[in-house]
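Since this is a predicted model, take the numbers as computed values, not measurements.
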Amino acid sequence: MYIKNPMLIEKTSMEIIDEEIKNNNFKEEEIPVVKRMIHTTGDFEYKNIISFKGEAVKLGIELLKNKSKIFTDTRMAWSGINKKAIEKSGSKLLCYIDDKRAFEMAKERETTRSSACVDIAVSEGAEIFVVGNAPTALFRLGELITEGKVKPKLIIGVPVGFVGAAESKEYIRNFDVPSITTIGTKGGSNVAAAVVNALLYMAVGR
């Protein structure tokens, strides 16, 4: 026999996660984000590698209650974010990875499309930057912050990989910007979407 009801599966999963993280130092509002990340990955190590900076969760909830432009670096992250909750929040999801401008800019600058997409997102007023795949996107965002060309309201930076992923997140944590990041190589577009969903569910429900 096995559990077939999807809501019961999620409820049971969350109960297991609750038991695992019950002795923690997280703030109350941070716990749903940690739980959603663990639930998405099946990896309890996330309780040890997540970094919250600058009341990021409280701020994220407020931003999503008041309509925000949310940039995602991949279609996978975009696809994983709950569209019903986005509609409730009145927020707008932005993804430019297939945009012709990103192709042209990347070719001209000899960089990645993900990096070029950040420039486009800045020009179009993105407020929340969600990066789950490309360290180059986080590095570029940091460069634009340094140049005074953007001041993000919130950064969710969880790129995965062995080349630049850990370094890009460490770089972003140096800025005076509220952020939710992971320490080390773990992360991914699914994790990025999970963080956004956790904030959305606290802000407007499902």
Just jot down the side chain to side chain donor-acceptor pair (under 3.5 Å) partners of [X], sequence neighbours excluded, or say none.
X    : value
D98  : R75
Y201 : N82
K149 : E147
N24  : none

**Inter- and intrachain pairs under side-chain hydrogen bond (donor to acceptor under 3.5 Å, both in side chains), touching residues 29-45, at least two apart** =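 Pairs touching residues 29-45 that pass the test: E10-R36, D18-K35, D43-K186, E45-K186.
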**Item:** Closest contact, heavy atoms only, G80 versus A193
**Value:** C-CB, 3.7 Å
**Closest heavy-atom pair and its distance - S89, S91** = OG-OG, 2.9 Å
So, taking the atom named [atom1] in [X] and the one named [atom2] in [Y], what distance separates them when rounded to the nearest 0.5 Å?
X    : Y    : atom1 : atom2 : answer
I50  : T181 : CD1   : OG1   : 8.0 Å
M37  : T182 : CE    : OG1   : 6.0 Å
I156 : L154 : CD1   : CG    : 5.0 Å
D73  : S114 : CG    : OG    : 5.5 Å
I86  : L93  : CD1   : CG    : 4.0 Å
N190 : S79  : CG    : OG    : 12.0 Å

With a 4.5 Å cut-off on side-chain heavy atoms, are [Y] and [X] touching?
X    : Y    : answer
T185 : V160 : no
I120 : M105 : yes
S51  : S179 : no
D119 : R109 : yes

Are [Y] and [X] linked, directly or through intermediate hydrophobic residues, by side-chain heavy-atom contacts shorter than 4.5 Å (ILVMFWY only)?
X    : Y    : result
I155 : I70  : no
V191 : W78  : yes
L199 : I172 : no
I97  : V122 : no
V196 : M202 : yes

Salt bridge [X]-[Y], side-chain N to carboxylate O under 4.0 Å:
X    : Y    : result
K92  : E124 : no
K84  : E87  : no
K107 : E110 : no

Got a sec, which residues hit salt bridge (charged side-chain N to carboxylate O under 4.0 Å, His left out) with [X], two or more places apart in sequence or on another chain?
X    : result
E15  : K11
E28  : none
K100 : E104

**Fill in**
Joining Ile, Leu, Val, Met, Phe, Trp and Tyr whenever any side-chain heavy atoms lie under 4.5 Å apart, the cluster holding F162 also takes in none
**Request:** Start with the C-alpha gap between F52 and V33, add the side-chain angles, then the distance that decides, and say whether side-chain contact (heavy atoms from CB on, under 4.5 Å) holds.
**Result:** CA-CA 10 Å; F52 296 100; V33 177; 4.0 Å; yes
**Prompt:** Tell me, which pairs form a salt bridge (charged side-chain N to carboxylate O under 4.0 Å, His left out) where one or both residues lie in residues 166-175, sequence neighbours left out?
**Reply:**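 Not a single pair qualifies under salt bridge (charged side-chain N to carboxylate O under 4.0 Å, His left out).
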**Asked** For I9, does its backbone N or O pair with a side-chain atom of S13 as donor and acceptor, under 3.5 Å?
**Response** yes
**Message:** Treating Y96 as the side-chain partner and R113 as the backbone partner, does any N or O pair qualify as donor plus acceptor under 3.5 Å?
**Reply:** no
Distance-only donor-acceptor pairs under 3.5 Å for side chains of residues 55-68, two or more places apart:
unit_1 : atom_1 : unit_2 : atom_2 : d
E55    : OE2    : K27    : NZ     : 2.7
N66    : ND2    : E62    : O      : 2.7
S68    : OG     : L63    : O      : 2.8

**Request:** Go through V150 and L141 one step at a time and tell me if the side-chain contact (heavy atoms from CB on, under 4.5 Å) criterion holds.
**Result:** CA-CA 8 Å; V150 64; L141 181 57; 4.1 Å; yes
Counting only pairs under 3.5 Å, give me each side-chain donor-acceptor contact of residues 126-139, with atom names and distances, residues two or more places apart or in other chains.
unit_1 : atom_1 : unit_2 : atom_2 : d
E127   : OE1    : K69    : N      : 2.8
E127   : OE2    : K153   : NZ     : 3.2
T136   : OG1    : T112   : OG1    : 2.7

**Asked** Does atom CG of N174 have more than 12 heavy-atom neighbours, drawn from other residues, nucleotides or ligands, at distances under 6.0 Å?
**Response**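 Yes, because the 6.0 Å sphere around CG of N174 holds more than 12 heavy atoms from other groups.
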**Working for side-chain contact (heavy atoms from CB on, under 4.5 Å), residues V34 and F44** = CA-CA 9 Å; V34 178; F44 285 119; over 6 Å; no
